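Written below as structure tokens is the structure these notes are about.
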Amino acid sequence: MQPATERRSHGHRWMSGSEVRRAFIEFFEERGHKEIASSSLVPHNDPTVLLTTAGMQQMTPYFLGLETPPAVRMASVQKCFRTVDIDEVGDESHCTFFFMLGNFSVGDYFKSDSLRWSWEFLTEVLGLPAERLYPTVHPSDEDAYRIWKDEIGVPEERIGKLSDNWWGPVGPTGPNGPDSEIYFDLGPEAGEFGEGPGESTRFLEIWNNVFMEFFQAPDGSRTPLPKQNVDTGMGLERLTAMLQGVSSIYD
Ligand code: SER
């Protein structure tokens with residue numbers, strides 16, 4: 001391994017995977033979150049999926065108002081297994097098994113705090129250069145767009161609108177809502193700017209903030225959840241690759 005002083009990083013400094021997970025949990029603990037353990041890869045009491053695919057899965061009964069959560073603000077490092085991306089597994093950024101860093105609000109804070117904290121963690125704690133971060137929102141989500149532009153101060157030309165910025169439900173039924181994905185610009189060597197984040201290989205999605213507001217019934221109809229909730233997810237391996245200045249999670 002190279003000495004720390006010679007290692008490259010896109011952030012303040014080279015960080016190991018364990019340092020990244022600790023920094024994430026401590027940041028959210030300082031903001032009133034309770035750290036919760038990763039749930040089992042085999043979901044408990046959830047017939048909609050075979051394996052756990054996201055940190056929010058153990059939150060489902062809380063988002064639906066069926067059970068009381070251990071805290072209204074929680075953070076976790078969740079073991080995840082995904083097969084929906086199977087055709088992309090083996091490229092530079094997709095795994096079947098990975099760890100997801102996530103912070104959650106059950107009817108407590110909503111879009112403004114969540115997006116501001118994401119930005120603060122990426123730019124101030126990790127030191128990723130703000131000018132290489134590109135937030136995106138769902139075209140219908142004027143609040144999230146306004147928060148990025150007016151509260152956080154991201155220039156309008158760097159805020160994208162993507163119609164697939166909607167997350168969930170995982171199976172045929174469950175919580176879902178508009179999301180806001182944050183992309184990192186890997187630079188011209190990773191591809192053309194093209195249509196921008198979400199469309200070009202030059203941009204890597206690193207964090208997704210989901211605003212869980214709806215319940216989808218098996219017939220596809222959506223109704224508002226009892227409360228507005230937040231579910232975020234950031235792949236530990238992708239983020240660590242950024243912080244180690246390498247372009248592939250396998251590096
Ligand atoms: N549930 C969202 C995702 O998996 C955010 O955690 O991307």
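Here, residue 1 is the first one in the sequence, and each next residue gets the next number. Counting starts at 1 for both ligands and their atoms, following the listed order. The structure displayed is predicted, hence computed values, not measured ones.
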Open item on the list: Suppose we call two aromatic rings close when their centres sit under 6.0 Å apart. Are Y134 and F203 close by that rule?
Closed with: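 Judged by ring-centre distance (under 6.0 Å), Y134 and F203 do meet the cut-off.
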- [ ] Measure from the ring center of Y109 to the ring center of W117 and say whether it is less than 6.0 Å.
- [x]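 Centroid separation for Y109 and W117: below 6.0 Å.
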- [ ] Could you check atom 4 (O) of ligand 1 against the protein and tell me its nearest heavy-atom contact, residue, atom and distance included?
- [x]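 Nearest neighbour among protein heavy atoms for atom 4 (O) of ligand 1, to 0.1 Å: R82 NH2, 2.6 Å.
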Task: Closest approach of any protein heavy atom to atom 6 (O) of ligand 1, naming residue and atom - done: D231 OD1, 2.7 Å
Task: Sub-3.5 Å N/O-N/O distance, G233 and ligand 1 - done: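 G233 vs ligand 1: N/O contact under 3.5 Å present.
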- [ ] Name the orientation class of the two ring planes belonging to F97 and F99 (parallel below 30°, tilted from 30 to 60°, perpendicular beyond 60°).
- [x] perpendicular
Task: Aromatic plane relationship, F214 with W166 - under 30° parallel, 30 to 60° tilted, over 60° perpendicular - done: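 Correct class here is parallel.
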- [ ] Run through L133, L204, I206, L162 and flag the one making a side-chain contact (heavy atoms from CB on, under 4.5 Å) with Y183.
- [x]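 Of the listed options, the one satisfying the test is L162.
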Open item on the list: Tell me whether M100 reaches ligand 1 (any heavy atom closer than 4.0 angstrom to a ligand atom).
Closed with: yes
TODO: Below 4.0 angstrom from a heavy atom of V210, which ligand 1 atoms are there? Numbered from 1 as shown, please.
DONE: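 Heavy-atom distances to V210 below 4.0 Å select 2 (C), 5 (C).
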- [ ] Answer with side chain, backbone, both or neither: which part of T232 has a heavy atom less than 4.0 angstrom from an atom of ligand 1?
- [x] backbone
TODO: Please state which part of E205 comes within less than 4.0 Å of ligand 1, counting heavy atoms only: side chain, backbone, both or neither.
DONE: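 E205 to ligand 1: no contact under 4.0 Å from either part.
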Task: Heavy atoms from other residues, nucleotides or ligands near CG of L41 exceed 12 (cutoff 6.0 Å) - done: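 Atom CG in L41 is crowded, with more than 12 foreign heavy atoms closer than 6.0 Å.
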